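By convention in this document, chain letters (A, B, ...) are assigned in the order of the sequence lines, proteins followed by strands, and residues within each chain are numbered from 1. It should be emphasised that the depicted structure is a prediction, and the values quoted were computed from it without experimental measurement. Scope of the values below: all heavy atoms of this structure, side chains included, with no hydrogens, waters or symmetry mates.
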Amino acid sequence: MKVLYFAWVREKTGRAVEDMDLPAGVATVADLIEWQRGRGGGYADAFGDDKAIRVAVNQTHVGKSHPVAEGDEVAFFPPVTGGAP
Amino acid sequence: MKVLYFAWVREKTGRAVEDMDLPAGVATVADLIEWQRGRGGGYADAFGDDKAIRVAVNQTHVGKSHPVAEGDEVAFFPPVTGGAP
Amino acid sequence: MIRVQLDDFDVGAELARLTEGNHAVGGLCSFVGLVRDMAPEGKISAMTLEHYPGMTEKALADIEAEAQSRWPLEASLIIHRYGRLEPGDRIVLVAAASPHREAAFEACHFLIDYLKTKAPFWKLEDTGAGAAWVDARDSDDTAADRWRRPDDAAE
Amino acid sequence: MIRVQLDDFDVGAELARLTEGNHAVGGLCSFVGLVRDMAPEGKISAMTLEHYPGMTEKALADIEAEAQSRWPLEASLIIHRYGRLEPGDRIVLVAAASPHREAAFEACHFLIDYLKTKAPFWKLEDTGAGAAWVDARDSDDTAADRWRRPDDAAE
């Protein structure tokens, strides 16, 4: 599984991308967020406020109940702020 | 009084502009339209359908009850069709 | 700024000039009207735009002033051509620049809707069947009416 | 057409290319987003736009396809920059060309509203007080929601 972090999520975790095996017991985005929080340090900080985090699986916006599986590309980031004022 | 004609009103009257004295008994745009119709020929044709004619007095759109006076610039034309589709 | 001219205009240069050095602008909305090759009456080969010199400038300046009074604009622009135009030619450019995108969109939309029913231009289309004056459309009045405010006088 | 790029773009050239030779186009609406020098937190000296390469292109292509499916468009365009930008710099260009002006306006407005809440970009502003990530605004969700249709799934 490839996991990406953007904006302040990236700054807090201290990394932009990492390869990992699907952790045991993780079936959904919500599970993965909880697992990330359990890693402590910058991860606990980055994933401390569930509501502030948005998620894409395989480059598509998804909700927290969306499944994750081995081989997925999962990205964590704040709400997007592109475009114009 | 300076009177101007545009688009098919101009084509029907056969002139773009004419100077005239304010005709006797003419106090409003409606009066002037009726007077024009009475001139016959191309004028009768141009002013035959009152509803198809729009009017500006001194370069401002006005209704048919608007007064006209000596020294005014009065323009007759069809509904405008500039801009984009 | 308003301009009435025979010649074409450079959209990129006009828009760049509108916001140049003004760092309060967050959004610039523009609209270009072009000559289509199809009219309800069939294929058109060219059109001629007649206008009322003097009143045209006055009408466009009034429309621009109205937009400036309704929305917080940093800049606005109306350029309208007259004379002979062929399919694909630019007819008109309107633009509005504002700190926020909503105001830019609304003001730009207002400019073109109002212009369409208030600026003294008339289109003569050349079709295979000869030249014909374009009829005004009720839908244009409807589009302009949407910007009318409760205290505006009926016309 | 969509493009994600570091470099600036030429608005006039992009818009001209969009309708070139297409005589079915009667209206071309475009919107340019620019960097302002004021943020709610104070004066900004620069900003850096981060994005998600791969997903960005996919998101923009989806938004453009959605616009094409909803309005009768002859052409459309989204160009979004990333990297370091200063006040006055162009961030984004969206445009829609249609036989009729209403469709061009609505589609263009839709493109920028949807992009704002769906394309994976994040702004880091440099202010006197240091660099800060820009917060998303509720008003942007509201703007995007207005284009939602009854049969769209809630998110």
key: CE-CZ distance between C:M55 and B:F6, expressed to the nearest 0.5 angstrom   = 9.0 Å
query = Should the heavy atoms of other residues, nucleotides or ligands under 6.0 Å from CG of B:D49 be counted, would the total exceed 12?
reply = yes
ask   = Should we say atom CD of B:E70 is surrounded by more than 12 heavy atoms from elsewhere, each under 6.0 Å from it?
value = yes
ask   = When you look at C:W122 and B:T81, which way does the side chain to side chain contact (heavy atoms under 4.5 Å, CB included) test go after all the steps?
value = CA-CA 5 Å; C:W122 302 273; B:T81 56; 4.2 Å; yes
ask   = Side chain, backbone, both or neither: which part of C:R81 has a heavy atom under 4.5 Å from chain B?
value = neither
request  = Below 4.5 Å from any heavy atom of chain C, which atoms of B:R10 appear? Answer side chain, backbone, both or neither.
outcome  = side chain
ask   = Mind checking whether B:E11 and C:W133 have side chains closer than 4.5 Å, heavy atoms only?
value = yes
ask   = Looking only at heavy atoms, which two atoms of B:V80 and C:A136 are closest? And how far apart?
value = O-CB, 3.9 Å
ask   = Contact part of C:F31 toward chain B, heavy-atom cut-off under 4.5 Å: side chain, backbone, both or neither?
value = side chain
note = Separation between NE2 (B:H61) and CG (C:D62), nearest 0.5 Å, reads 9.5 Å
key: Part of C:K58 lying under 4.5 Å from any heavy atom of chain B   = side chain
query = Based on non-hydrogen pairs under 4.5 Å, which of B:P78, B:A56, B:P79, B:A52 is most in contact with chain C?
reply = B:P78
task = May I ask you to check whether over 12 heavy atoms, not counting those of B:E34, lie within 6.0 Å of atom CD?
result = no
Max heavy-atom pair count under 4.5 Å with chain B, selected residue of C:D141, C:V134, C:I91 = C:V134
